[in-house]
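Throughout, protein chains are lettered first and strands after them, A, B, ... in sequence-line order, and every chain is numbered starting at 1.
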Amino acid sequence: MPQFCLAYTIKSPLYVKFKEYKNLDYAQVADEILNFWNQEQIFEKSISTRAGHPSFTFYEGPPSANGTPGIHHVMARAIKDIFCRYQTLKGKQVKRKGGWDTHGLPVELQVEKELGITKEDIGKKISVEEYNQKCRETVMKFTGQWNDLTEKMGYWVDLENPYVTYQTPYIESVWNLLKRLYDKGLLYKGYTIQPYSPAAGTGLSSHELNQPGCYRDVKDTSLTAQFKAIQNQKSQFLFELSQGNPVYLLAWTTTPWTLPSNSALTAGKGITYVLVNTFNPYTFLPVHVVLAKDLVKNYFNATAENGDFEAYVAAEKKPQAIPYQIIGECKGADLEGIEYEQLMPYVQPATPAFRVILGDFVTTEDGTGMVHTAPTFGADDFRVAQQNGIPAIMVLDANGKEVPLVNRQGQFVEEVSDYALEPVKEAYLTEEEKEQARIKQGRDKYLSVDERIAIQLKTENKAFNVQKFDHPYPHCWRTDKPVLYYPLDSWFIKTTAVKDKLIALNQTIQWKPESTGTGRFGNWLENLVDWNLSRSRYWGTPLPIWRTEDGSEEICIGSLEQLTSELEKALSSGKLNADQVKGNQDFLAAIQAGTADLHRPFVDQVYLVSASGAVLSRELDLIDVWFDSGAMPFAQWHYPFENQEVFKESYPADFISEGVDQTRGWFFTLHAISSMVEDSVAFKNVVSTGLVLDKNGNKMSKRLGNAIDPFDTLKKYGADPTRWYMITNAQPWDNLKFDLAGITEVRNKFFGTLTNTYNFFALYANLDGFDPETNTLDEANLTELDRWVLSKLMHLIQEVDEAYATYEPTKAGRAIQDFVCDHLSNWYVRLSRRRFWNPESTEKGINPDKQAAYQTLYTCLETVAQLMSPIAPFYGDWLFKNLSNKESVHLTDFVPVNPAWVNPELEASMDLAQRICSLVHSIRKVHKLKVRQPLAQVLVPVLQEQVRDQIRRVEDLIKSEVNVKQVNYLDDAAGVLSKKVKPNFKALGPKFGKDMKLVAEAISSMTAENLHVLEAQGSILLSNFSIELADVEILTEDMPGYLTASESGLTIALDSQLSPSLVREGMAREFVNRIQNLRKESGFDVVDKINIDVLKGDVAWEESIQEFGSYICQEVQALSINWKDSLDQASEISMDDTTLSVKVTVHK
RNA sequence: GGGCUUGUAGCUCAGGUGGUUAGAGCGCUACACUGAUAAUGUAGAGGUCCGUGGUUCGAGUCCACGCAGGCCCA
């Protein structure tokens, strides 16, 4: 008996509107979209189509192109790109000019290495001109690679017209800024403490000092000096403890020759100090000394603690162990401000000095925990003195210039009378000179300055301890002589004068993360010292200051125009010699020809003449390269000489982003220059990004071989998964442990799911000829599921919008990911599949329900494409272009939230549905009840009417998802529910406080009657505590006689009884399943119609297939099911203990 | 040594304003599903929430002191 089913046809697609993809290669997607962008100039259009809109300004921190880009640059630039693209979607015009940082030491060192020369050779083996030419070539060596990476990773930045810091217009702008600072009195020549070799007469760079062999162990005289405290209000507490006896502050030094230059003592704020009553070991006089508690053991023999003072005084021969007694204790902070008498009063300071200050560099590792501070001979000393307003001890030289107590030859100046013109280090003397000095000293053996100072202080009761001390000390690599830390001339910007302004302006900047702004950057501003601009190098922006030799007259140049007129003035002054005239004429000609090079050596050949007729020559220093990059808001536009309008529009920046290591680099220089010059911040929002480490958390380095090649990565995985992984895995400011396996995960999980979802849509949309243009969304036809996913989508838009707006890309990415994977794919699409493959298309078109499904899914996909496009620009555009006829997602406007679609009640319902389904699945699993086997009912106990209504809305979904016939509700009327009560701590806490434990106990031990009373009356008195309904949570956990499961307050019961009819239906479903498998195994097409032959014999199967024949036919696209007595080439299908022979053929 | 920062399952990470049963993904184990299938579902194992004190009726969460990693600075 053939059984005929309803015949229907699926319309074959006339044309493929939505392209379908198999095995999508994301790198290829990126390539194709990149070509499309280039061809259609999408980047340019994204700016030009926003002309006239409000602007959003981004500043590109210029990379140095003399190294190759790494994977961390992909990260850093993805962050920058995301917010620029987002703001474009939001309708802003976002210009972003690229730039290159081209000056500086790294470039010079690289060139030196390539040429095999050192700094000393420049100007000798190679001319400065040639050398700088070489730098100029080297610095742009890898621009090709950089541009390539920029394109491949999808970073949109204007590379056609970048700013380049070595170009003349850029330098001119930098000069202009310097001139503006000069005119405000913020530029001055001072000194800074640097390693200096008196033997060679030259300063040494820190990198020269780090050469192997520079640090050598030497034996020096170390001395612990007694600084006599002055009794006043600050020090009163010490004198009270000493009962009015003199109190000495102990400080240790390995360079006694710096003691005449002492002007402060530095203590550690948190260090504990003690006051000790004892005797001076050299003079045997009783003394009270202050030193760090932890270091007492280094100065005293513990056996002598609280020893016999009187016996010591009486002793003829003083014992080694000097008795001592600790009589008081305080913190470093308590010592701050205590004044003391100058130790070696050869030269007096100009302003008050000689007091205790606090410094963060003080340790208790050695010495006394109190550091002798000589601002002229220590970098720490200099800094901490400057911060505390302590003057240095200086004398005036023959020119009336302030100089330190040691001259450039390493000798004491004459004012240090006892040691006048003696070298401070023994090593500076030859053997002969030493011998002469010995004779002069009238001793058997030459004694160094340090040694004689020690002797002098011992006799004056000013030395507490003198020892030889072995320690490593830096030496000059050329002369082998010890180095001095010595004040050398430098040009400074007086940032300390504008400190308050810098701090105030910083408070208006939005930092991500906030702690970088308030902590790292804020603290840096609090402890600001003047900005040392000088660099003694060749390749950099020259300092535009010309000066007389004695420094009495100077001029600062702020433009080529000014330089021209000064040149002309100088030439006509008649004060220059022939060489100078030649140099000036050449330079003037170059300016007029527009070919002037503002670098060394050319600017050095320019000589100007002051108003009084003195010849001025250029200060040879270059400026710190950080000034170059900090000047970019101005100099990138050659402001103020050009582009005044552009500058005004694009200043200050709305947004910048760089690595957190730039806090004191670019972030600071931008901020400082802007604050000083314009009284404005340079940027309103800043994201400081963390480091990219290898997957084990180690720093990536080429040397260790754990560096990830960005080009390989982009090629293998594609830019979008790479970017998505980086952004969603960690917050931008946290360090990222970069693991390629993570990109694979993101690719499979997120991009795979999204592409699958798209393909699913495309497959059926093409079959049905769905066209989003003509089949517009009709809200009347939306199902609950459609409304739900649209509501979720609205929330997603809100969330993502807010995340991007507040510079939280990780939150945005994760939200999109969750929506796509959990809500859209695993719930909406999974539950909607049947609607899509429902073949009942009417002749007039797609039926309304199906159309609603298409429209809903289409809307979700299109929106997701846009929301994700800032992070995954290629894929986002690819997805968008597959769905839409519009040119590019990057030219669209950010989709608004449709408030009518926001439906929190429905979301709550669906949440319940999902939880109920999950519980049913779990019961089915535990009791081995297959999902294909329909069950009669699921029971849900609900105590609140509202919850019941919520579930009722989504009943159908639950029924089809878990394959049950009915959802039924249990209220308490029957009294079958066993209820449980739990304390609601959040509500009880404020009410009962300390009695919480008792209350909780009382509630937990409530009887059924108690609970009944509470429910009926709304409150109950338990152990004298009045409990209200809101103070407890009532839930049901158990239903005797049913299969139950519960999770966070929700309980369900499953009716597992099978009627014969349910069994037959279950078998029919099994049959469908097996036929579907056969179709697939046989390679039939989705639209193929089939005929099914079945072997007679099994009654159960026959009954089941007869009863559900039309259902089966519909499901498997069968035209007929034929019962046969015998069957050739049949397939066996089995269920439980029975088997059935079937044969499936395509209907032709 | 100082400033900032991180520490939660084998791995990568979530965990407003303190609330008693700490979550997700990946990985692992087992089972199920099979017109999205290089998918998917369910269950399980897996945690001294870096440590020690403190505040509190109650601490992953707040405070103090440490330990370990990172960055910047000395």
Side-chain angles (χ1 to χ4, degrees), chain A residues 22-23 268-271 359-365 379-380 383-384 513 515-524 526-527 659-665 688 690-691 693 695-699 725 728-731 733-737 739 741-742 744-746 748-750 752-753 755-764 810-811 814 817-818 821-822 825-826 829-830 833-834 836-837 917-926 928-932 961 982-990 992-1000 1048 1072-1074 1076-1077 1079-1080 1084-1086 1115-1117:
Chain A
K22 277 205 170 129
N23 300 326
K269 190 176 174 183
I271 297 175
D360 55 19
F361 56 88
V362 182
T363 73
T364 54
E365 266 162 36
D380 273 335
R383 180 173 54 86
V384 76
S515 60
T516 301
T518 55
R520 190 184 279 227
F521 194 65
N523 289 338
W524 163 249
E526 293 288 345
N527 293 308
V660 68
D661 53 343
Q662 293 293 330
T663 306
R664 294 173 185 192
S688 74
L691 264 66
L693 307 170
K695 62 179 172 182
N696 299 318
N698 299 313
K699 213 169 166 174
Y725 162 70
T728 56
N729 192 61
Q731 303 263 43
W733 38 89
D734 288 336
N735 290 348
L736 172 68
K737 289 182 190 165
D739 189 355
T744 307
E745 192 182 320
V746 156
N748 293 348
K749 177 95 185 133
F750 173 62
T753 305
T755 307
N756 268 341
T757 306
Y758 165 76
N759 270 335
F760 174 84
F761 167 81
L763 175 70
Y764 292 102
T810 308
K811 281 187 184 165
R814 284 176 180 171
Q817 194 164 282
D818 289 348
C821 295
D822 297 344
S825 170
N826 277 347
V829 171
R830 196 155 57 81
R833 279 186 303 201
R834 188 160 286 274
F836 287 95
W837 73 63
C917 289
S918 167
L919 289 170
V920 173
H921 279 305
S922 127
I923 295 175
R924 278 183 174 271
K925 148 85 186 147
V926 170
K928 300 202 188 305
L929 298 164
K930 291 182 178 181
V931 180
R932 271 199 293 269
E961 172 64 8
K982 260 176 66 176
N984 178 356
F985 288 97
K986 210 164 184 170
L988 291 167
F992 297 107
K994 282 185 199 290
D995 297 324
M996 179 66 93
K997 270 182 185 154
L998 295 171
V999 177
S1048 38
V1072 166
N1073 166 241
R1074 301 308 193 276
Q1076 298 287 34
N1077 286 349
R1079 281 187 64 120
K1080 212 165 141 197
F1084 296 172
D1085 199 75
V1086 180
E1115 288 297 305
V1116 303
Q1117 308 266 309

Contact between A:V829 and A:F760 at the side-chain level, heavy atoms closer than 4.5 Å - yes or no? yes
A:T753 OG1 to A:N748 CG distance, which is reported to the nearest 0.5 Å: 8.5 Å
Sugar-phosphate only, base, or nothing, as touched by A:Q817 at under 4.0 Å among non-hydrogen atoms: nothing
Using the C1' atom on both, measure B:U42 against B:G69 and round to a whole Å. 39 Å
With rounding to the nearest 0.5 Å, note down the distance linking CG in A:N523 to CZ in A:R664. 8.0 Å
B:A36 base / A:S825 side chain donor-acceptor hit below 3.5 Å: yes
In whole angstroms, the gap separating C1' of B:U42 from CD of A:E961 amounts to 12 Å
Hey, are the side chains of A:N759 and A:L763 touching, using non-hydrogen atoms and a 4.5 Å cut-off? no
Both distances below 3.5 Å, Watson-Crick or wobble geometry, any strand: find the nucleotide opposite B:C4. B:G70
Heavy atoms of A:S688 and A:W733 approach each other most closely as O-CB, 3.3 Å
Could you check how far CH2 of A:W524 sits from P of B:U5, rounded to whole Å? 18 Å
Rounded interatomic separation in angstrom, taking CG from A:N1073 and C1' from B:A32: 12 Å
Without decimals, in angstroms, what is the distance between A:F521 CZ and B:C4 P? 15 Å
Ranking A:R664 and A:F760 by the position along RNA chain B of their nearest nucleotide, the one closer to 5' is A:F760
So which protein N/O to nucleotides 63-70 of chain B N/O distances come out below 3.5 Å?
{"from": "B:G70", "atom 1": "O2'", "to": "A:N735", "atom 2": "ND2", "distance (Å)": "2.9"}

C1' atoms of B:C28 and B:G54, separation to the nearest Å: 41 Å
Write down the distance separating the C1' atoms in B:G66 and B:U56, rounded off to the nearest Å. 23 Å
Could you give the distance separating B:A9 and B:G51 at their P atoms, to the nearest angstrom? 11 Å
Give me the distance, rounded to whole Å, that separates B:G60 from B:G23 when you measure between the P atoms they each carry. 13 Å
Treating A:T810 as the side-chain partner and A:A730 as the backbone partner, does any N or O pair qualify as donor plus acceptor under 3.5 Å? yes
Using a cut-off of 4.0 Å on non-hydrogen atoms, how would the nucleic acid contact of A:D739 be classed: base, sugar-phosphate, or nothing? nothing
Among the nucleotides B:A14, B:C71, B:A43, whichever has the atom closest to the side chain of A:S918 is B:A43
Distances under 3.5 Å between nitrogen or oxygen atoms of protein and nucleotides 23-28 of chain B:
{"from": "B:G25", "atom 1": "O2'", "to": "A:E745", "atom 2": "OE2", "distance (Å)": "3.2"}
{"from": "B:C26", "atom 1": "O4'", "to": "A:E745", "atom 2": "OE2", "distance (Å)": "3.3"}

Whole angstrom value for the distance that separates C1' of B:G41 from CG of A:D822: 13 Å
In Watson-Crick or G-U wobble terms, both distances under 3.5 Å, what is the partner of B:U56? none
Could you state the CG-P distance from A:D818 to B:A14, rounded to the nearest angstrom? 13 Å
Just to be sure I understand the rule, does A:N523 reach a base, reach only the sugar-phosphate, or reach nothing, if contact means heavy atoms closer than 4.0 Å? sugar-phosphate
Rounded distance in Å - CH2 (A:W733) to P (B:U5): 14 Å
So, A:N729 side chain and A:Y725 main chain: donor-acceptor pair closer than 3.5 Å or not? no
So CZ of A:R833 and OH of A:Y764: to nearest 0.5 Å the spacing works out to 9.0 Å
Looking only at B:A14, B:C13, B:U40, the nucleotide nearest the A:N729 side chain is B:C13
Examine B:A36: is either OP1 or OP2 under 4.0 Å from a nitrogen or oxygen in the side chain of A:T757? Give yes or no. no
Both A:V362 and A:S515 contact RNA chain B. Which one's nearest nucleotide lies toward the 5' end? A:V362
Expressed as a whole number of Å, how far does the C1' atom of B:C50 sit from that of B:U5? 15 Å
Rounded to the nearest 0.5 Å, the CG atom of A:L736 sits from the CG atom of A:L691 at a distance of 10.0 Å
With both distances kept under 3.5 Å, what pairs with B:G46, Watson-Crick or G-U wobble? none
Proximity to the side chain of A:D734 - top-ranked nucleotide from B:U6, B:U42, B:G41: B:U6
Considering only atom C1', compute the distance from B:C71 to B:A30 and round it to an integer number of Å. 45 Å
When you compare B:G19 with B:U37, how far apart are their P atoms, in angstrom units rounded to a whole number? 44 Å
If you only use heavy atoms from C-beta on, which nucleotide in B:C13, B:C4, B:A36 is closest to the side chain of A:R830? B:A36
Between P on B:G3 and CG on A:D380, what's the gap in Å once rounded to a whole number? 15 Å
If you look at every heavy atom in A:E961 and A:R830, which pair is closest and at what distance? OE2-NH1, 2.9 Å
Return the nucleotide paired to B:U40: Watson-Crick means purine N1 to pyrimidine N3 with N6-O4 or O6-N4, wobble means G-U with N1-O2 and O6-N3, both under 3.5 Å. B:A32
What is the pairing partner of B:G25, taking Watson-Crick or G-U wobble pairs with both distances under 3.5 Å in any strand? B:C11
Measure the spacing between CG of A:D818 and OG1 of A:T728 and express it to the nearest 0.5 Å. 10.0 Å
